[in-house]
S.K.: 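A single structure is presented below for examination.
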Amino acid sequence: MHHTIVNDSIEKMKNANIRITPQRYAILEYLVESRMHPTADDIYKALADRFPNMSAATVYNNLRLFVKIGFVKELAYGDASSRFDFSNTQHYHAICESCGKIVDLYYPVLDDVEMVAENLTGFQVSHHRMEVYGICPECQEKGVQKADIDDGAEAAGLHHHH
């Protein structure tokens, strides 16, 4: 299944006259097959054996290109190392507040939210994003609870209770 997605993307790039280098192909393939929203560094490390001459900058520049042509979304969740997400479908992210894991969430019902927003506000909508925060199943198994996250904030003096 994955390979049709990769090949589709390669076709689109060829149509846009973008050179398909072996590195470029490998980066795209890795993004499609990796469900973990890798950072540029993750991708670089994963492909370093296959392409000993490839620099981290090459990976980064290719990711930039993919973002520009719309194949890949850059998820900048306030930390320095952006994660990259191959996006051929509109989807959302559920983010664990304990370990920081990001899980894809497909909910096609929201596909028309932009149209609804345009009708209600008169905006010309360009895009939308939604994030869901909570505790992932693995962290729940380790006994982390929502309350623990809130207590952490309280200890940091963010909430004033008597």
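Predicted model, so just to flag it, every value in this text is computed and none were measured. Computed over heavy atoms, backbone and side chain alike; hydrogens, waters and symmetry mates excluded.
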S.K.: Over 60° means perpendicular and under 30° means parallel, so tell me whether Phe84 and Tyr60 are parallel, tilted or perpendicular.
M.R.: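 Rings of Phe84 and Tyr60: perpendicular, over 60°.
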S.K.: Applying the 4.5 Å side-chain criterion to the ILVMFWY set and letting contacts propagate, would Ile18 and Phe66 be lumped into a single cluster?
M.R.: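 Result: yes, single cluster for both.
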S.K.: Kindly give the cluster partners of Val103, where membership spreads through any ILVMFWY side chain lying under 4.5 Å from a current member.
M.R.: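 Joined to Val103, directly or through intermediates: none.
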S.K.: Please list, chain by chain and in numerical order, all residues satisfying side-chain hydrogen bond (donor to acceptor under 3.5 Å, both in side chains) with Lys14, sequence neighbours excluded.
M.R.: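 Applying side-chain hydrogen bond (donor to acceptor under 3.5 Å, both in side chains) to Lys14 gives none.
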S.K.: Supply the atom-to-atom distance Ile95 CD1 to Lys101 NZ, rounded to the nearest 0.5 angstrom.
M.R.: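 Those atoms lie 13.0 Å apart.
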S.K.: In terms of hydrophobic clustering (I, L, V, M, F, W, Y; side-chain heavy atoms under 4.5 Å; direct or indirect links), are Ile20 and Val32 co-clustered?
M.R.: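 Linked, Ile20 and Val32 end up in one cluster.
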S.K.: Please confirm whether the backbone N or O of Glu74 pairs with a side-chain atom of Arg83, one donor and one acceptor, at under 3.5 Å?
M.R.: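 Judged by distance alone, no pair lies under 3.5 Å.
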S.K.: Within the 3.5 Å criterion, strictly below it, is a donor on Asp42 or His37 matched to an acceptor on the partner's side chain?
M.R.: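 There is no such pair (donor and acceptor under 3.5 Å, judged by atom type) between the side chains of Asp42 and His37.
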S.K.: List in chain and number order the residues that pass side-chain hydrogen bond (donor to acceptor under 3.5 Å, both in side chains) with Asp8, two or more places apart in sequence or in another chain; answer none if no residue qualifies.
M.R.: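 Scan of Asp8 (side-chain hydrogen bond (donor to acceptor under 3.5 Å, both in side chains), adjacent residues dropped) gives none.
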S.K.: Has the side chain of Glu118 got a donor or acceptor atom that lies under 3.5 Å from a matching backbone atom of Val125?
M.R.: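 Yes.
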S.K.: Tell me every residue that passes side-chain hydrogen bond (donor to acceptor under 3.5 Å, both in side chains) with Ser55, counting only those two or more places apart in sequence or in another chain.
M.R.: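 Ser55 satisfies side-chain hydrogen bond (donor to acceptor under 3.5 Å, both in side chains) with Thr58 only.
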S.K.: For Tyr133 and Glu131, which I'm curious about, is there any donor-acceptor pair between the side chains at under 3.5 Å?
M.R.: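 Glu131 and Tyr133 do have a side-chain donor-acceptor pair below 3.5 Å.
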S.K.: With clusters built from Ile, Leu, Val, Met, Phe, Trp and Tyr whose side-chain heavy atoms come within less than 4.5 Å, directly or transitively, what are the remaining members of the cluster of Met36, listed by chain and number?
M.R.: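 Listed partners: none, Met36 stands alone.
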S.K.: Would you call the rings of Phe86 and Phe71 parallel, tilted or perpendicular, taking 30° and 60° as the class edges?
M.R.: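 Judged by the thresholds at 30° and 60°, the geometry between Phe86 and Phe71 is tilted.
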S.K.: Test of understanding: with ring-ring contact (aromatic ring centres under 6.0 Å, His included), list the residues that count as partners of Tyr92, not counting sequence neighbours.
M.R.: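 So Tyr92 forms a ring-ring contact (aromatic ring centres under 6.0 Å, His included) with His128.
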